Every structure is written in structure tokens, then in C-alpha cells.
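Down below is the structure, laid out as C-alpha cells.
None of the values given here were measured: they were computed from a predicted structure. Atom set for the values below is all heavy atoms of this structure, side chains included, hydrogens, waters and symmetry mates excluded. Numbers for residues simply follow the sequence, beginning at 1.
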Amino acid sequence: MSAPYVEEVKELLIRSLDLQGRSPSDIDEQAPLFGEGLGLDSLDALQIAMAIEEEFGVAVPDGEEAKPLFRNVASLAAYIASRRGESA
């Protein structure tokens with residue numbers, strides 16, 4: 001079973017970035033979000049951060065502090081779980 005929020009983060013990515021033709025099962029939770037993985041850019045990161053704050057009520061840090069969170073779906077899900085007081 002996946003860690004908490006993994007499926008929700010995948011669905012949020014598809015919805016907020018309009019990744020048409022993709023389903024949550026198409027996204028590898030360990031694949032990089034930028035570059036080789038999903039190929040996202042800094043504007044996408046901003047959209048994702050805003051969507052996470054809106055949907056999960058979790059503040060996402062800016063700049064260098066945010067980089068490790070955006071490594072992959074699993075790291076975003078773990079961050080959300082940690083901020084909401086749940087173990088990943």
C-alpha cells in the first residue's frame with residue numbers, strides 16, 4: 001500500500017497541471033517531477049504549491065527549502081503527512 005497522500009498528490013498533479021491522458025497509475029511516485037521525470041518547470045512548481053496549500057491546508061516553503069519537497073510525488077506526500085501530523 002502507498003504512503004498517505006500519494007494517490008491524492010498524483011490526482012492533484014493531473015488536475016492542477018492539466019496532464020491530459022494521464023492517470024494516477026501512470027505517475028511513478030519515485031520519478032523526478034522535473035527534468036527526466038514528468039518534465040515540470042518552476043511555474044508548475046508554483047501551481048503545485050498553491051494547489052497543495054489550498055487542498056491540504058499545508059504551507060509550502062519557498063526557494064531552496066522547497067527543493068527537496070518537489071523531488072518526487074513520494075516526497076510531497078510525506079511532507080503533507082508530516083505537516084498534518086500523520087506518519088508517512
inquiry  = I need the E11 CD to L19 CG distance, nearest 0.5 Å.
reply    = 12.5 Å

query = What are the two closest heavy atoms between P24 and I14, and how far apart are they?
reply = N-CD1, 3.4 Å

ask   = For E55 and R15, what are the C-alpha separation, side-chain angles and deciding distance, and is it a side chain to side chain contact (heavy atoms under 4.5 Å, CB included)?
value = CA-CA 12 Å; E55 185 150 329; R15 246 190 352 266; 2.5 Å; yes

query = Which heavy-atom pair separates P68 from S75 by the least distance, and what is that distance?
reply = O-OG, 3.5 Å

inquiry  = Please give me the minimum heavy-atom distance between Q30 and A74, naming the atom from each residue.
reply    = NE2-CB, 3.4 Å

key: Any donor-acceptor N/O pair, Q47 side chain to L17 backbone, under 3.5 Å   = no

query = Any side-chain heavy atom of L38 sitting closer than 4.5 Å to one from D44?
reply = no

query = Which atom pair, heavy atoms only, marks the closest approach of E53 to V60?
reply = OE2-N, 2.9 Å

inquiry  = Using side-chain heavy atoms (C-beta onward) and a distance below 4.5 Å, is E8 in contact with I80?
reply    = no

query = Quick one: are L33 and L13 in side-chain contact, heavy atoms under 4.5 Å?
reply = yes

message = Ignoring hydrogens, what is the shortest heavy-atom contact between R84 and F56? Give both atom names and the distance.
response = NE-O, 3.4 Å

query = Closest heavy-atom contact between L40 and F34?
reply = O-CD2, 2.9 Å

query = So with a 6.0 Å cut-off around CD of E54, is the heavy-atom count from everything else above 12?
reply = no

